[in-house]
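Atoms within each ligand, like the ligands themselves, are counted from 1 in listed order. Quantities reported herein were computed from a predicted structural model and do not represent experimental measurements.
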Amino acid sequence: MTTTVATTPYEGQKPGTSGLRKKVRVFAQANYAENFIQSVFDVVGPVTGKTLVIGGDGRYYNRTVIQQAIRIAAANGYSQVLVGKGGILSTPAASHVIRKYGASGGLILSASHNPGGPDEDFGIKYNIANGGPAPEGVTDAIFARTQVIDRWLTVEAPDVDLDTCGSVAVGGMTVSVIDPVADYADLMETLFDFAAIRAKVAAGFTMAFDAMHAVTGPYAVEILEKRLGFAPGTVRNGVPLEDFGGHHPDPNMVHAKALFDLMFSAAAPDFGAASDGDGDRNLIVGRGRFVTPSDSLAMLAANAHLAPGYRAGLKGIARSMPTSAAADRVAEALGVPCFETPTGWKFFGNLLDAGMATICGEESAGTGSDHVREKDGLWAVLLWLNILAVRGQSVDAIAREHWQRFGRNYYARHDYEGLPTDTANALIAELTAALPGLPGKSFGPLVVASADSFAYLDPVDGSTSANQGLRVLFEGGSRIVFRLSGTGTEGATLRVYLERYEPAEGLLDRDTPDALADLIAAAEAVAGIARHTGRTAPDVVT
Ligand code: G16
């Protein structure tokens with residue numbers, strides 16, 4: 001029996017870069033999650049007879065919202081819900097399940113790399129039938145719906161046992177609890193040369209994978225330890241915890257410090273990697289060699305043909321605008337197009353669907369391909385392993401050869417977190433107004449070639465997205481990008497992306513902070529970061 005529950009709108013249910021992310025205590029308010037989920041179904045409906053996938057990264061409050069979503073889905077007329085056992089599905093696995101079972105979409109419950117727990121973050125994202133994040137047209141419509149919603153629908157039904165695979169009826173709908181790992185692991189076997197990697201492991205190749213007590217633990221144990229033969233214990237922090245063990249499940253040199261320290265020590269294994277809260281980000285670190293996400297995209301693209309799934313070559317490469325231009329040089333050498341999109345994986349969906357790009361990547365530690373419509377942490381790790389197995393070289397040697405061929409894009413991102421929103425907006429407004437006067441100006445040895453606010457024209461559907469970051473480009477290929485994060489839950493985060501291009505015949509072995517010193521000074525001079533924020537150093541450097 002369907003029940004209609006009267007409600008009133010909540011302010012601020014606007015999906016950001018990747019869905020609606022708020023504190024758990026915000027989501028826990030009466031009707032808050034229900035309003036948002038019902039708004040999604042109202043926008044993407046009619047949903048009668050359709051299949052919905054539900055999964056999350058296992059963080060605190062996942063199970064509560066999954067039970068709510070199941071009842072609301074039944075009341076709205078879905079015929080089937082597929083949910084990962086334990087409520088778990090990594091974001092790339094959810095994307096695959098949506099595609100494989102022909103679902104009309106999915107709810108992914110995650111706040112990605114943000115911390116979890118009763119006082120921390122939660123999130124809900126809707127993905128469409130191609131398996132990818134809903135495009136802006138859909139998220140805008142969902143937001144509009146949340147502003148006028150006056151009821152949500154539910155059925156009376158007990159909670160579904162999420163810990164036992166099998167099917168049960170909820171109202172007139174079937175809920176199938178599925179193995180969250182099997183389909184995804186099988187897909188990976190079709191893309192990569194598992195036999196070559198297994199042989200390499202059998203010959204003594206070692207790795208450390210930090211699952212950060214997040215969703216990839218069960219996937220990594222199955223694939224790395226069971227199917228590829230890495231020693232038990234290769235996967236560290238492999239049990240998903242609701243609060244990620246009290247840490248930020250963000251695979252960077254700050255939050256995966258233990259892995260970094262190991263990889264730069266005498267005890268380092270051959271290869272190190274990590275993934276984030278929901279399994280879509282990756283960290284790649286060889287023995288004594290960190291590979292920036294931008295470089296990783298370029299190196300993976302240059303070597304992808306060594307893996308069975310990409311032997312036919314790439315149709316194109318796509319990267320978000322703040323990601324370094326290292327991939328552009330690879331695309332040029334391969335004779336394929338390189339697309340520059342706004343930040344957010346949702347902008348890659350059309351290019352992948354249209355067969356215009358095969359590999360995509362972002363500076364924020366996301367890389368992926370047309371096998372799903374999300375970035376995919378373990379995919380990147382497995383492609384690296386495949387390349388290492390075929391080339392028989394270290395990560396460091398592969399990186400050095402790459403730079404000797406293409407030049408090196410020294411790169412860093414400086415984050416200023418928890419700024420008052422007004423302060424951050426004032427900085428951006430002032431800089432935006434100053435952009436037209438910058439070309440021709442010098443900052444130390446750097447001369448501004450051009451400056452603009454990035455806007456994107458989607459070549460597939462003709463839609464435009466304006467105000468996607470401020471770019472200051474210097475002569476010689478260096479640049480600074482300023483942008484406000486769209487994934488935080490408190491105040492504003494200013495991101496400053498610094499990139500310096502060093503040609504192949506130049507100095508390829510400098511320390512990154514040293515190589516970027518002129519750009520760091522120019523960023524301060526151009527934007528007045530200290531003047532606006534009172535901060536003299538970033539909170540996080542990645
Ligand atoms: C999300 C998006 C990514 C984006 C990242 C950073 O990642 O899916 O495409 O690059 O946010 O966004 P921002 O700079 O706005 O914080 P995730 O891993 O958080 O879902």
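Protein heavy atom at the shortest distance from atom 2 (C) of ligand 1 is K375 NZ, 3.5 Å. Counting only heavy atoms of the protein, atom 3 (C) of ligand 1 lies nearest to E362 OE1, 3.2 Å. With hydrogens left out, the protein atom closest to atom 17 (P) of ligand 1 is S112 OG, 3.2 Å, a heavy atom. Among protein heavy atoms, the minimum distance from atom 11 (O) of ligand 1 is reached at T487 CG2, 3.3 Å. What sits closest to atom 20 (O) of ligand 1 on the protein, heavy atoms only, is R21 NH2, 2.9 Å. Here the heavy atom of the protein found nearest to atom 10 (O) of ligand 1 is S364 OG, 2.7 Å. Counting only heavy atoms of the protein, atom 15 (O) of ligand 1 lies nearest to G486 N, 2.6 Å.
Interface of T343 with ligand 1, defined as ligand atoms under 4.0 Å from a residue heavy atom, comprises 4 (C), 10 (O), 12 (O). Short contacts between ligand 1 and D280, defined as distances under 4.0 Å to a heavy atom of the residue, involve ligand atoms 18 (O), 20 (O). Close approach to R495 involves these atoms of ligand 1, each under 4.0 Å from a residue heavy atom: 13 (P), 14 (O), 16 (O). Within ligand 1, the atoms closer than 4.0 Å to a non-hydrogen atom of W345 are 9 (O), numbered from 1 in the order shown. Remark: ligand 1 atoms within the under-4.0 Å shell around heavy atoms of S18 are 1 (C), 2 (C), 8 (O), 20 (O).
Salt-bridge annotation for R479 and E499: present, with a side-chain N of the basic residue lying under 4.0 Å from a carboxylate O of the acidic one. For D243 and R59, the salt-bridge test fails: no basic side-chain N is under 4.0 Å from an acidic carboxylate O. Salt-bridge formation is not detected for the pair R319/E362: no Lys NZ or Arg NE/NH1/NH2 atom is positioned less than 4.0 Å from an Asp or Glu carboxylate oxygen. Ion pairing between a basic and an acidic side chain is recognised when a charged N comes within 4.0 Å of a carboxylate O; R535 and E417 show no such pairing. Salt-bridge formation is not detected for the pair D210/R236: no Lys NZ or Arg NE/NH1/NH2 atom is positioned less than 4.0 Å from an Asp or Glu carboxylate oxygen.
Within the 4.0 Å heavy-atom criterion, neither part of E363 lies near ligand 1. Under 4.0 Å from ligand 1, not a single heavy atom of T493 appears.
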Can I get a per-line list of side-chain donor-acceptor pairs under 3.5 Å for residues 105-117, giving both atom names and the distance, sequence neighbours left out?
residue	atom	partner	partner atom	Å
S110	OG	D57	OD2	2.8
S110	OG	S112	N	2.6
S112	OG	D276	OD2	3.0
S112	OG	D278	OD1	3.3
H113	ND1	R281	NH2	3.2
N114	ND2	D121	OD2	3.0
N114	ND2	T487	O	3.4

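Here the two rings, on Y184 and Y219, have centers that are under 6.0 Å apart. The ring of Y60 has its center no closer than 6.0 angstrom to the ring center of F122.
In this view, F271 satisfies the ring-ring contact (aromatic ring centres under 6.0 Å, His included) rule with no residue, not counting sequence neighbours.
Of the candidates R483, K346, R281, the one placing a heavy atom closest to atom 6 (C) of ligand 1 is R281.
Side-chain contact check for K125 versus P133: some heavy-atom pair is nearer than 4.5 Å.
Between R413 and ligand 1, not a single N/O pair is under 3.5 Å apart.
Using 4.0 Å as the threshold, G366 has no heavy atom nearer than that to any atom of ligand 1.
Judged purely by distance below 3.5 Å, without hydrogens or angles, the side chains of W345 and S320 never pair a donor atom with an acceptor atom.
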